[in-house]
Amino acid sequence: MTDPLRRYSDTLAALTRDGLLRVLPGTSTPPDLLDFSGNDYLGLARRPELVEAAAEAGSRFGAGATGSRLLSGNTSLHEAIEARIARDKGAEAALVFSSGYQANAACIAALLDKTVLGAEPLVFADRLNHASMHLGCALAGARQTRYRHLDLENLQALLEQYKDEPKPKVILSETVFGMDGDQIDVARLQALALRFGALLYLDEAHATGVFGPNGFGLAETIELAPTTVVMGTFSKALGVSGGYVACSTLVRDFLINKAGGFIFSTAPSPLVLGAALCAWELLPGLTAERAGLLARAERLRQTMRTMGLDTGASTTQIVPVILGDPVRTTAARDKLAALGIRVSAVRPPTVPQGSSRLRLGLSAAHTDADLERLVQSLGEVVRSL
Ligand SMILES: Cc1ncc(COP(=O)(O)O)c(C=O)c1O
């Protein structure tokens with residue numbers, strides 16, 4: 001008789017052999033731990049106002065939403081946060097989801113649905129887009145034409161090549177890339193999408209809170225076209241969890257009718273949305289924190305370059321230290337942990353083969369002294385590898 005678990009254990013053995021096994025980090029937090037492994041870019045996750053707002057929303061609306069938005073789960077809190085996001089993003093409407101992953105999977109799958117579009121769409125995607133965007137495409141059975149990372153010349157050439165194809169065209173891109181910390185020129189990208197009649201879907205997971213004059217994301221710097229859909233999360237700079245899309249009223253109505261991950265899932269908890277709305281309302285007042293965060297990231301990159309470290313094309317609060325080999329990368333992470341510094345080791349398939357890296361997520365809560373300690377320890381660790 002075959003063992004129904006054998007293939008799973010073989011897979012784990014192969015991952016272990018290749019230095020790619022994922023294990024959960026320990027939960028103990030040494031008192032002097034310096035944490036660069038998170039996405040709490042503005043240091044909001046532990047702000048008392050957010051915790052109080054969650055409790056207040058809970059006492060008004062309950063701990064859980066009790067059902068899908070279309071059944072029992074729609075509250076004035078859900079509608080209030082959506083109205084606020086739509087206004088601040090310069091969109092007609094918005095829709096919230098329990099996670100960013102769910103938002104991408106649900107919305108992209110619905111927007112690419114070939115029974116709706118009448119044909120399989122031509123999907124042009126940055127080759128380093130997040131896994132949740134790939135999932136949306138896979139759910140729709142839509143093949144992706146991947147263009148070179150951030151390369152709008154390459155994208156334009158592909159759009160030219162397919163311009164006479166009558167199929168609907170869709171472009172998918174993050175705005176700030178989560179593993180590389182580089183960013184797309186949103187104005188140029190939207191102009192290209194408009195020129196070629198393509199729907200544009202932007203993922204602002206890592207830009208929300210950090211970029212834009214008021215912290216509402218890179219798309220805040222452009223006038224959103226009705227054919228642009230902007231997704232974002234509450235889980236990174238806002239310090240909470242959940243996702244949203246800002247879009248036209250038409251697209252919102254369509255998603256409410258066709259996005260399975262919206263229709264067949266319990267509405268986000270009022271506890272979470274209470275905290276998320278509180279964090280969102282704080283964003284315009286955090287200009288100094290954003291400027292300090294980005295300036296410190298720039299100084300860190302300069303110092304690391306003088307140390308001969310490869311920080312890729314990062315221009316944001318996310319700074320990779322590209323070491324290449326997965327085993328060296330996990331060894332570096334573990335040695336830093338022994339020195340009281342927590343960073344993430346990111347390996348394939350999350351990043352391309354040969355580009356394993358330490359990922360440093362900076363926060364406005366870090367101090368100059370924290371960064372000095374990081375640089376010094378990193379220098380020691382890399383020399384010892
Ligand atoms: C670019 C990008 N999009 C979407 C997500 C998913 O967001 P969430 O963590 O809120 O599910 C992530 C999270 O890692 C991300 O980096």
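Order of appearance sets the numbers: ligands from 1, and atoms from 1 within every ligand. For clarity, every value in this text was computed on a predicted model and none was experimentally measured.
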Inventory of protein N or O atoms under 3.5 Å from ligand 1 N or O:
unit_1	atom_1	unit_2	atom_2	d
ligand 1	3 (N)	Asp203	OD2	2.6
ligand 1	9 (O)	Lys236	NZ	3.3
ligand 1	10 (O)	Gly100	N	2.9
ligand 1	10 (O)	Ser235	OG	2.8
ligand 1	11 (O)	Gly100	N	3.2
ligand 1	11 (O)	Tyr101	N	2.9
ligand 1	14 (O)	His130	NE2	3.4
ligand 1	14 (O)	Lys236	NZ	2.9
ligand 1	16 (O)	His206	NE2	2.6

Task: Residue pairs passing the salt bridge (Lys or Arg N to Asp or Glu O under 4.0 Å) test where at least one lies in residues 151-164, sequence neighbours excluded - done: Arg148-Asp151, Glu153-Arg188, Glu160-Lys163, Glu160-Arg195
Task: Matching residue for Tyr244 among Phe234, Phe216, Phe262 - test: ring-ring contact (aromatic ring centres under 6.0 Å, His included) - done: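 Looking at Phe234, Phe216, Phe262, the match for Tyr244 under the ring-ring contact (aromatic ring centres under 6.0 Å, His included) is Phe234.
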Task: Lys/Arg N to Asp/Glu carboxylate O, Arg357 vs Asp310, below 4.0 Å - done: no
Task: ring-ring contact (aromatic ring centres under 6.0 Å, His included) pairs, two or more places apart, involving residues 343-385 - done: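 Applying ring-ring contact (aromatic ring centres under 6.0 Å, His included) to every pair that reaches into residues 343-385, excluding sequence neighbours, yields Phe36-His366.
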Would you be so kind as to tabulate the donor-acceptor pairs closer than 3.5 Å made by side chains of residues 99-125, with sequence neighbours excluded?
unit_1	atom_1	unit_2	atom_2	d
Ser99	OG	Tyr101	N	3.4
Ser99	OG	Gln102	N	2.9
Gln102	OE1	Ser98	N	3.4
Gln102	NE2	Gly261	O	2.6
Gln102	NE2	Ser265	OG	3.0
Asn104	OD1	Tyr201	OH	2.7
Asn104	ND2	Ser132	OG	3.0
Asn104	ND2	Asp203	OD2	3.0
Asp113	OD1	Thr115	N	2.9
Asp113	OD1	Thr115	OG1	2.6
Asp113	OD2	Thr115	OG1	3.4
Lys114	NZ	Ala140	O	3.4
Lys114	NZ	Gly141	O	3.2
Glu120	OE1	Arg143	NH2	3.0
Glu120	OE2	Arg143	N	3.1
Glu120	OE2	Arg143	NE	3.1
Glu120	OE2	Arg143	NH2	3.4

Open item on the list: Assess, by modelled atom type and distance only, whether the side chains of His134 and Gln144 contain a donor and an acceptor separated by less than 3.5 Å.
Closed with: yes
